[in-house]
Structure formats: structure tokens, C-alpha cells
Asker: 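Have a look at the structure that comes next, please.
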Amino acid sequence: MKVVLLAGGYGTRISEESQFKPKPMIEIGGKPILWHIMKEYSYYGFNEFIICAGYKQHVIKEWFADYFLHNSDITFDFTKGKNDMIIHDQHCEPWKVTVVDTGLNTMTGGRIKRIQSYIGGKPFLMTYGDGVCDVNIKELVEFHKSHGKIATLTAVMLEQQKGVLDIGGDNAVHSFREKSANDSAPINAGYMVLNPDIFNYIKGDETVFERESLVKLANNGQLMSYKHKGFWQCMDTKRELNLLNKMWESDKAPWKVWDN
């Protein structure tokens, strides 16, 4: 099963970093968040990736072009008047990566539509290139196969940071407590499994997958949710980037399942 990663947006909410590189190439612990996401899929045996690139897509291509070189022990021998390169050992994952330029201003649904020819008419996995999670992808795929619908998304209860107030008719605050995940509605965390029929729900470049395709799927009874009670964190802001880096540096990164 192939894995589609959306990595083409501008990342305007974290422009301090994204002005230099695509948002999925912003680093956590010295590696792009895209690498972290791919490592989790690889842990569950999914090693073929299709990256939907757009904004500064050359950065993604150049990073993967150099990845083998940067993760190998190499001798450069110029003694014979030419450049002989001898690879002694390499430490790369067994990945097959296709980077597709899906356009600069293409919407999320349009990006998925543009890689249809690379899918091959089979179910595939899809997620966003700006969030990490410790969801059990094997169980997610099994759940998807069990219900026979077109799409499955991973739903998480996101704990809020605002306090909960009990306000009476006289505007007096009768109680206060910190908000918890139990107060929240489930949100779409990405990490989806999609059947090839999904392409029938995408018109073209202007289709916003979340506002149009998923809504139509839900209305037609073709969208299921896999409830994830573990860790999920997006990287929309500098504060969230700092949080993820702090978790990684303190060796408390829940998404680092490949090291368990």
C-alpha cells in the first residue's frame, strides 16, 4: 500500500521557518518533520511514498537526492585523475520516494487528484506533512478493510488549553476548571486510508479536500473514523515546533515508535 503525503502548502502560520523551505521540511531534532512521518509508516512496513509537493518543491527533491550520500560512509578517490566514489556502508531506509510537483496554488483535493496515475487503482494511505502521531497504522488499515467504505480518517480528542467557566445568569463565575480532552469534539488528525473511488469525489485543482470531498463522503455514508486515544500534534506555529523539538531532545517523543 502506497503512502501519499501532502507537502505543497505555503505554511504561512509558521512563516518564520517556511519562508526558507516548505513546511514539511522544517526540522525536528535535525530531520524534517516529513522524515519523522515517513519513519512511522516505515515501522509498520509501508515504504513507498508519493509526496505531493508545490511551494519550494525543489527543496524536497534536493533533500532526497542527497539523502543516500549523507547517510553513507564513502571514499572519494582522486588519485587516478578521476572521481572514484566507493560506498562502504549506508544507513538509509528501504524507501521508494516519488516527489510530484502538484502546483503552487493547488488545493488539497487537487493535489491528491494530480497523483492519481501514481496510485495504480488500489487503496492507499494519506496524511498531511505537518503533524506527528503514534497511531497504530496496522490497526488503522485493518479497521478500514473491515467496514468496506471509501474512506477512513483518524479522529483524536484534542485537549484544549482554555479554562472552562460555569457562568450564571448574573454573569458571576460559579466554577472554574482546566479544559480537558473530554470537553472537546473529535478532530481530523489525518492518517487516512482511501479507496481509489475517492478520486470521484475530487473535481480538480480548486477542490478543498476537507471542505468538499470529506463532506460529500460523510453525506453519502462513505466516511468512517478510527478513534485514536494516543498522541497527535500538528506543527502549525513556532510554539508547536519548539514543543516537538523539546520532546525529541528530552527523548520523550511519543511518535518515535520505530525506537521502541
Side-chain angles (χ1 to χ4, degrees), residues 1-7 11 13-14 17-18 21-52 59-60 63-64 66-73 89-97 99 124-144 152-159 161 181 186-193 226-260:
M1 192 175 286
K2 297 177 182 178
V3 182
V4 174
L5 301 171
L6 294 183
R13 284 188 286 179
I14 192 169
E17 298 282 342
S18 62
K21 62 183 72 173
K23 186 180 179 184
M25 299 307 290
I26 297 173
E27 294 183 350
I28 299 171
K31 288 284 198 302
I33 190 171
L34 192 65
W35 176 89
H36 291 259
I37 297 168
M38 293 169 69
K39 285 286 287 186
E40 183 186 5
Y41 277 104
S42 188
Y43 172 77
Y44 288 101
F46 301 102
N47 292 303
E48 186 167 355
F49 300 91
I50 301 168
I51 299 175
C52 301
V59 176
I60 300 175
W63 191 86
F64 280 104
D66 292 334
Y67 189 62
F68 187 87
L69 179 68
H70 292 171
N71 288 275
S72 301
D73 300 329
D89 196 9
Q90 63 88 14
H91 312 283
C92 293
E93 295 81 0
W95 292 347
K96 181 179 179 181
V97 183
V99 183
F124 61 98
L125 295 148
M126 193 282 286
T127 196
Y128 305 96
D130 62 355
V132 286
C133 187
D134 64 352
V135 62
N136 187 314
I137 297 173
K138 180 181 178 182
E139 291 183 0
L140 169 64
V141 171
E142 290 174 351
F143 173 76
H144 177 78
T152 301
L153 60 77
T154 298
V156 295
M157 300 296 288
L158 185 62
E159 185 169 344
Q161 297 180 356
I187 66 167
N188 172 22
Y191 287 83
M192 304 181 193
V193 189
Y226 175 82
K227 295 180 180 178
H228 175 55
K229 298 181 180 179
F231 176 84
W232 174 84
Q233 179 63 57
C234 62
M235 188 191 65
D236 280 338
T237 65
K238 191 68 160 60
R239 182 190 66 81
E240 290 166 341
L241 170 62
N242 292 338
L243 172 65
L244 292 172
N245 266 305
K246 185 177 180 181
M247 289 180 177
W248 184 265
E249 291 164 3
S250 61
D251 201 26
K252 296 179 180 179
W255 69 90
K256 196 179 179 184
V257 294
W258 58 88
D259 231 19
N260 294 338

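Hydrogens, waters and symmetry mates play no part in the numbers below; they use all other heavy atoms, side chains included. Keep in mind it's a predicted model, so treat the numbers as computed, not measured.
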Asker: Could you check Tyr67 against Trp35 for side-chain hydrogen bond (donor to acceptor under 3.5 Å, both in side chains), going step by step and ending with a plain yes or no?
Answerer: CA-CA 11 Å; Tyr67 189 62; Trp35 176 89; 3.0 Å; yes
Asker: Donor-acceptor check, side chain of His228 to backbone of Phe231, threshold 3.5 angstrom: yes or no?
Answerer: yes
Asker: Can you tell me how far apart CD (Gln233) and CG (Asp134) are? Round to the nearest 0.5 Å.
Answerer: 12.0 Å
Asker: Parallel under 30°, tilted from 30 to 60°, perpendicular over 60°: which one fits the rings of Tyr191 and Tyr41?
Answerer: parallel
Asker: State, to 0.1 Å, how close Lys23 and Gly11 come at their nearest heavy-atom pair, and which atoms those are.
Answerer: CD-CA, 4.0 Å
Asker: Tell me every residue that passes salt bridge (Lys or Arg N to Asp or Glu O under 4.0 Å) with Asp259, counting only those two or more places apart in sequence or in another chain.
Answerer: Lys256
Asker: Heavy-atom count around Asp66 CG within 6.0 Å, excluding the residue itself: above 12?
Answerer: yes
Asker: Over all heavy atoms of both residues, which pair between Thr152 and His144 is shortest? Give the atoms and the distance, please.
Answerer: OG1-ND1, 2.8 Å
Asker: If the condition is salt bridge (Lys or Arg N to Asp or Glu O under 4.0 Å), which residues does Glu48 pass it with, not counting sequence neighbours?
Answerer: Lys2, Lys96
Asker: Restricting to non-hydrogen atoms, name the atom on Trp258 and the atom on Trp255 that form the minimum distance, rounded to 0.1 Å.
Answerer: CZ3-O, 3.4 Å
Asker: Do the non-hydrogen side-chain atoms of Leu125 and Val4 ever get within less than 4.5 Å of each other?
Answerer: no
Asker: Report the distance from atom CD1 of Ile37 to atom OG of Ser42, rounding to the nearest 0.5 Å.
Answerer: 13.5 Å
Asker: If you look at every heavy atom in Glu27 and Leu241, which pair is closest and at what distance?
Answerer: O-CD1, 3.5 Å
Asker: For the NZ atom on Lys31, are there more than 12 heavy atoms of other groups (residues, nucleotides or ligands in this structure) within a distance under 6.0 Å?
Answerer: yes
Asker: Look up atom CG in Asn71 and atom CG in Asp89, then write down how far apart they are to the nearest 0.5 Å.
Answerer: 11.0 Å
Asker: Take Met235 and Val132 through the test side chain to side chain contact (heavy atoms under 4.5 Å, CB included) and record every step on the way to the result.
Answerer: CA-CA 8 Å; Met235 188 191 65; Val132 286; over 6 Å; no
Asker: Does any non-hydrogen side-chain atom of Asn47 lie less than 4.5 Å from one of Glu93?
Answerer: no
Asker: Which one of Lys246, Lys238, Arg239 satisfies the side chain to side chain contact (heavy atoms under 4.5 Å, CB included) criterion with Asn242?
Answerer: Lys238
Asker: Go through the steps to decide whether Glu142 and Tyr226 satisfy the test side chain to side chain contact (heavy atoms under 4.5 Å, CB included), and finish with yes or no.
Answerer: CA-CA 10 Å; Glu142 290 174 351; Tyr226 175 82; over 6 Å; no
Asker: Calculate, to the nearest 0.5 Å, the distance between atoms NZ and CH2 belonging to Lys21 and Trp63 respectively.
Answerer: 11.0 Å
Asker: To the nearest 0.5 angstrom, please state how far the OG1 atom of Thr154 sits from the NZ atom of Lys227.
Answerer: 13.0 Å
Asker: Going from CD1 on Ile26 to CG on Asn245, what distance comes out if it is rounded to the nearest 0.5 angstrom?
Answerer: 10.5 Å
Asker: Shortest non-hydrogen contact from Phe46 to Met1?
Answerer: CD2-O, 3.6 Å
Asker: Should His91 and Asp73 count as side-chain neighbours, where that means a heavy-atom distance under 4.5 Å?
Answerer: yes
Asker: Could you check Trp232 against Ile187 for side chain to side chain contact (heavy atoms under 4.5 Å, CB included), going step by step and ending with a plain yes or no?
Answerer: CA-CA 11 Å; Trp232 174 84; Ile187 66 167; 3.6 Å; yes
Asker: Applying side chain to side chain contact (heavy atoms under 4.5 Å, CB included), run through Ile14 and Thr237 and close with a yes or a no.
Answerer: CA-CA 5 Å; Ile14 192 169; Thr237 65; 5.7 Å; no
Asker: Quick check: closest heavy atoms across Ile60 and Ala7, and the distance to 0.1 Å?
Answerer: CD1-O, 3.9 Å
